[in-house]
K.L.:
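My structure is below; once you've seen it, I'll send some questions.
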2 protein chains.
Amino acid sequence: MKKKFEIPQCETCGSKHKSIFCDISKSEVSELSDSKGCNLYNKGQVVFHEGNRTNGIYCVNKGKIKLFQIGSEGKEQIIRFAKEGDIIGYRALLSDEPLSASATSLEEDTAICFIPKQQVLKMITENPNFNFKLLKILSHELGETAKIITDLAQKPVRERLAETLLILKDTFELDDEKNIQVKLSREELANIVGTATESVIRLLSEFKKDKLISLDGRTIKLLNIPALTRTANVFD
Amino acid sequence: MKKKFEIPQCETCGSKHKSIFCDISKSEVSELSDSKGCNLYNKGQVVFHEGNRTNGIYCVNKGKIKLFQIGSEGKEQIIRFAKEGDIIGYRALLSDEPLSASATSLEEDTAICFIPKQQVLKMITENPNFNFKLLKILSHELGETAKIITDLAQKPVRERLAETLLILKDTFELDDEKNIQVKLSREELANIVGTATESVIRLLSEFKKDKLISLDGRTIKLLNIPALTRTANVFD
DNA sequence: AAAAAAACATGATGAATGTCATGTTTTTTT
DNA sequence: AAAAAAACATGACATTCATCATGTTTTTTT
């Protein structure tokens, strides 16, 4: 059962300033606000499904999203995450291809706006700033995925898990107690790292024993980031 | 020692029609031709180096290019290839980040033009067609890398090698004898697949024994594409 | 609150694949 | 053409890591 909620207005959107929409004009904002739709999602609900067509882009107003593909054996592979202010679904729209990944919400009360294709295209052609930001997002993302490819191809599971924790830290940040601000199951962690759930469980226990992290259910506290970085074998 | 060669003119460029520049105006073509530079490369020469800054994009006029990253243990990971008509280096330019990969030529007499940043930015702002093509290239590429991530994370080496052969087929095409039109060392194949050179050698021998391919030095003939597709475990 | 389901945890085992050693062939350099 | 280097090939072995089995804890449903 979906709760009632205030439909977010772009004019007052808290995540606007840190999004691709941060410096569009007043008239564009109101146009955007009029053209968009917005939906609330419970934890685990599907926002869009791999293989489908999309007719616009989605903008995360509140909550956290995982984007994943289903591999040939039916196993989920998490490709990336999105949070407040991020857009998703733009890849399929701009390449005019089916969605390459599915998106589901990771938290209750996730709010996601939908901006129709027509409006997106209009902003691309009429607002060079928006256009360049889009090019920047895409090309940055492409660089990140290339790094992931190299890691998956060359690093052992232990290093990849350590690196995943650091990436999750950078993506969702730590609270004041150094806990990573996202809760994922062991299985989901395995589906990022590209390994078996049991391996994640074992390695997390090792990291804990080595005082790199501490665990409380799905909450992971980073106790020693430099040592974790060394474990991940990253130097940048 | 670099041979003399006719500097290619964009007006008469044979690869223009199949590139991002296929439908720019006459005046834009001549502007492009004036602003660009062009270089010849021998086999194995570096076009650009990971970590450096770039001040423009490169357009492959003739020849084949591999793009790769160096992993934390110094091992090369091939991210993608480029051929006649393809552009490279655009990711770094558009994201305003250092180059995420190195590029080297795979053949003698590779010719690559360089288009300065200023010219690229001008075309982006002034030619919506060019702009959308760029967005399309980036987003398509992003979709391809996502697939590769899922495969690397989930498929065994045998399947990945079979799939690599099929991707090479699609990228460089077959000649009339069904030979893949690119010559790579076993080590380079390993650096695509994410495995050891010895594993590639062994698996190629198996594929040969199973009549999926035949081998003549670095030339790979695809004898049974449907069976290779099944071996790769792909269904699309 | 009880029952069921899902998630977490740990040990035992085996398969996939990386590493090392060694030899042959091919290519490049002198 | 000879020598050197690089690439290719194959066997033996070791290691990582996935799978299976089983049990416990936590969460969800009834």
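We name chains A, B, ... by the order of the sequence lines, and we start the count at 1 in each one.
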K.L.:
Do nucleotides 25-30 of chain C as a string where each nucleotide becomes B, S or -: B if the base has a protein heavy atom under 4.0 Å, S if just the sugar-phosphate does, - if no protein is that close.
P.N.:
------

K.L.:
With the criterion being N/O to N/O and under 3.5 Å, what pairs connect the protein with nucleotides 14-16 of chain D, and how long is each?
P.N.:
none

K.L.:
Please list, by residue number, the residues of residues 200-214 of chain B whose heavy atoms come closer than 4.0 Å to an atom of DNA chain C; answer none if no residue qualifies.
P.N.:
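By residue number: B/Arg202.
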
K.L.:
For residues 185-198 of chain A, which residues have at least one heavy atom under 4.0 Å from DNA chain C?
P.N.:
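Here the set is A/Ser185, A/Arg186, A/Glu198.
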
K.L.:
When A/Lys66 is tested against each of A/Glu188, A/Glu187, A/Glu107 for salt bridge (charged side-chain N to carboxylate O under 4.0 Å, His left out), which residue passes?
P.N.:
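Exactly one candidate clears the test, A/Glu188.
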
K.L.:
Write out all pairs satisfying ring pair (Phe, Tyr, Trp, His ring centres under 6.0 Å) with one or both partners inside residues 142-177 of chain A, taking only residues at least two apart or from two chains.
P.N.:
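Applying ring pair (Phe, Tyr, Trp, His ring centres under 6.0 Å) to every pair that reaches into residues 142-177 of chain A, excluding sequence neighbours, yields A/Phe81-A/Phe172.
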
K.L.:
Stem ranges for DNA chain C, with three or more consecutive Watson-Crick or G-U pairs under 3.5 Å?
P.N.:
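For DNA chain C the paired stretches long enough to count as stems (3 pairs minimum) are C:1-30 with D:1-30.
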
K.L.:
Suppose the criterion is ring pair (Phe, Tyr, Trp, His ring centres under 6.0 Å): which pairs have a residue in residues 173-213 of chain A, not counting sequence neighbours?
P.N.:
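For residues 173-213 of chain A: none.
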
K.L.:
Please enumerate all residues that pass side chain to side chain contact (heavy atoms under 4.5 Å, CB included) together with B/Glu73, with sequence neighbours excluded.
P.N.:
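With neighbours one apart ignored, the set is A/Asn233.
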
K.L.:
For A/Ala146, give me all partners under side chain to side chain contact (heavy atoms under 4.5 Å, CB included), at least two apart in sequence or on another chain.
P.N.:
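Side chain to side chain contact (heavy atoms under 4.5 Å, CB included) list for A/Ala146, sorted by chain: B/Gln69, B/Ile79.
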
K.L.:
Under the side chain to side chain contact (heavy atoms under 4.5 Å, CB included) test, which residues partner B/Ala92, sequence neighbours left out?
P.N.:
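Listed in chain order: B/Thr54, B/Leu99.
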
K.L.:
Under the ring-ring contact (aromatic ring centres under 6.0 Å, His included) test, which residues partner A/Tyr58, sequence neighbours left out?
P.N.:
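By the ring-ring contact (aromatic ring centres under 6.0 Å, His included) rule, A/Tyr58 matches A/Phe48, A/Phe114.
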
K.L.:
By the side chain to side chain donor-acceptor pair (under 3.5 Å) test, which pairs, at least two apart or in different chains, include something from residues 199-210 of chain A?
P.N.:
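Non-adjacent pairs meeting side chain to side chain donor-acceptor pair (under 3.5 Å): A/Arg158-A/Glu206, A/Arg158-A/Asp210.
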
